[in-house]
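Here's the structure, in structure tokens; my notes come after.
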Amino acid sequence: MKTIGFVGFGEVASHFAAALQAAGATVVAYDVLLERDGGREKLAARARGAPPRFMPLAGMIPSAHLVLSTVTTDSAIEAARRCAPHLRPGQVYMDLNATSPAMKREAAAIASGSGAEFVEGAILSAVGVAGAKAKVLACGARAAEVAAQLTSLGLDVRAYGTEIGKASSFKMLRSVFSKGIEALLVESLLAARRAGVEDALWKEVVATLDAASFEDVGGNWVRTHATAHERRMHEMREVLGLLRELGLQAPMTEGTVAFFERSTRLKLREGFPKPAASTSAVSAELDRRIASSDSSKT
């Protein structure tokens, strides 16, 4: 069985390493904590089961056929720079860090200079919840090969093409939804707390989302935006007034008002003499009107 190495041994690496070892893979790892007093013991305590073999970077990299970079976002480029001198042709360096497409391409240029192959990885699921079954997208010349191998060893990695940056673009754009929903929920609950209706509001939100599939609920919101945006704009202006009465700064609600105002200003409704047939019909028409508006300003 070939050896898999981790650069950085935090939450992602601890979950993934345990699954890989359980499937029979040999796992080695390096973390900057190894260079600090008591660091090895701290890393061993993070392991889920038997810890992998912790090694200095210069020894760990050459021993692994596949190197997985799982450091903090701000350390991704520095990790690639530190690994590059020790990489060799035939190896694969897979960057699993939550960085932008531009940073993925920068890391690819650094790692590929050694002759090693670069594969971009984008972790979509919350590892703290999904563990080793967190869904991962992979892009690069050897993405299909790496995805098949890691999936056979207990992970959930899916090839998403050969273009570096595509997987991280998907992840970043997915975060517009997931992190936006997080912010909206917190803002709603904070306001509800001020108004004394927090528990009841949370139950209503849960009931709304549990009543039907999100395909039905979310799809209906998007499709009806085509014709109901102006009415909703007026409603949200009233909502914003209430939040200000409660003494809250409400950046998410302010953004929502601005979003509905834009659809109204662009006369989106005129593009839909009949109800929108799909979510993509709404985004396509809105995109067309935004582009037309932007071009008229130049």
Side-chain angles (χ1 to χ4, degrees), residues 1-34 39-72 76 79-80 82-84 86-98 107 111 114-162 167 171:
M1 177 64 67
K2 294 181 178 180
T3 301
I4 298 173
F6 284 90
V7 178
F9 196 76
E11 182 176 54
V12 172
S14 65
H15 279 283
F16 285 12
L20 294 169
Q21 289 183 134
T26 299
V27 178
V28 293
Y30 163 80
D31 190 283
V32 292
L33 281 179
L34 287 175
R40 186 177 294 273
E41 291 72 23
K42 291 180 180 178
L43 292 173
R46 292 178 182 175
R48 298 172 186 277
R53 181 185 177 192
F54 295 111
M55 303 172 64
L57 187 67
M60 189 277 285
I61 297 290
S63 72
H65 85 287
L66 171 60
V67 177
L68 304 179
S69 177
T70 54
V71 297
T72 56
R82 290 194 63 187
C83 291
H86 309 295
L87 293 167
R88 64 180 187 280
Q91 284 182 300
V92 174
Y93 182 85
M94 186 176 190
D95 185 316
L96 286 167
N97 305 301
S114 66
E117 294 279 358
F118 181 88
V119 171
E120 167 196 21
I123 303 173
L124 302 184
S125 313
V127 173
V129 176
K133 288 301 182 182
K135 183 178 176 181
V136 180
L137 299 183
C139 285
R142 293 177 64 181
E145 171 193 338
V146 169
Q149 181 177 23
L150 290 177
T151 298
S152 73
L153 293 171
L155 304 189
D156 183 5
V157 185
R158 308 175 191 188
Y160 196 57
T162 59
K171 176 182 173 63

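- How far CG of Leu43 is from CG of Leu34: 5.0 Å, rounded to the nearest 0.5 Å.
- The closest donor-acceptor contact from the side chain of Thr162 to the backbone of Ala141 lies at 3.5 Å or more, if one exists at all.
- Sorted by first and then second residue, the ring-ring contact (aromatic ring centres under 6.0 Å, His included) pairs involving residues 137-161 (not counting sequence neighbours) are Tyr160-Phe170.
- Nearest heavy-atom pair across Ile123 and Lys171 is O-NZ, 2.6 Å.
- For His86, there are no side-chain hydrogen bond (donor to acceptor under 3.5 Å, both in side chains) partners at least two apart in sequence or on another chain.
- For Arg158, the salt bridge (Lys or Arg N to Asp or Glu O under 4.0 Å) partners at least two apart in sequence or on another chain are Asp156.
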> Going through the distances and angles, do Val32 and Val71 end up as a side chain to side chain contact (heavy atoms under 4.5 Å, CB included)?
Replying inline: CA-CA 10 Å; Val32 292; Val71 297; over 6 Å; no

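- Heavy atoms only, all atoms of each residue included: Ala116 and Leu87 are closest at CB-CB, 4.0 Å.
- Partners of Ser63 under the side chain to side chain contact (heavy atoms under 4.5 Å, CB included) rule, at least two apart in sequence or in another chain, are Val28, Met55.
- Between Leu66 and Met94, the closest side-chain pair of non-hydrogen atoms falls below 4.5 Å.
- Every side chain to side chain contact (heavy atoms under 4.5 Å, CB included) that Glu145 has, sequence neighbours left out, goes to Arg142.
- Take Ala29 and apply the side chain to side chain contact (heavy atoms under 4.5 Å, CB included) test, not counting sequence neighbours, and it matches Phe6, Phe9, Pro52, Phe54.
- The ring-ring contact (aromatic ring centres under 6.0 Å, His included) pairs that include a residue from residues 14-34 number zero, where partners must be two or more places apart or lie in different chains.
- In terms of heavy-atom proximity, Ala13 sits nearest to Gly8 at CB-O, 3.3 Å.
- In this structure Thr72 satisfies the side-chain hydrogen bond (donor to acceptor under 3.5 Å, both in side chains) test together with Asp74, Ser75, sequence neighbours excluded.
- Residues passing the side-chain hydrogen bond (donor to acceptor under 3.5 Å, both in side chains) test with Thr70: none are found, sequence neighbours excluded.
- Distance alone, capped at 3.5 Å, is enough to place a donor-acceptor pair between the Ser152 side chain and the Gln149 backbone.
- Residue pairs meeting the side-chain hydrogen bond (donor to acceptor under 3.5 Å, both in side chains) criterion with at least one member in residues 121-137, sequence neighbours excluded, do not occur.
- Tested against Val136, the residues Leu150, Leu96, Leu124 include a single side chain to side chain contact (heavy atoms under 4.5 Å, CB included) partner, Leu96.
- Applying the side chain to side chain contact (heavy atoms under 4.5 Å, CB included) test to Ala144 and every residue at least two apart in sequence or in another chain returns Ala159.
- Here Asn97 pairs with Ser69, Asp95 under the side-chain hydrogen bond (donor to acceptor under 3.5 Å, both in side chains) rule; sequence neighbours left out.
- Remark: Ile61 CD1 to Gln91 CD distance equals 7.0 Å, nearest 0.5 Å.
- In terms of heavy atoms, Ala79 sits closest to Tyr93 at C-OH, 3.7 Å.
- Using a 4.5 Å heavy-atom cutoff, the side chains of Asp31 and Arg46 are in contact.
- Interatomic distance, Leu155 CG to Ile4 CD1, rounded to the nearest 0.5 Å: 7.5 Å.
- Between Val67 and Val7, the closest side-chain pair of non-hydrogen atoms falls below 4.5 Å.
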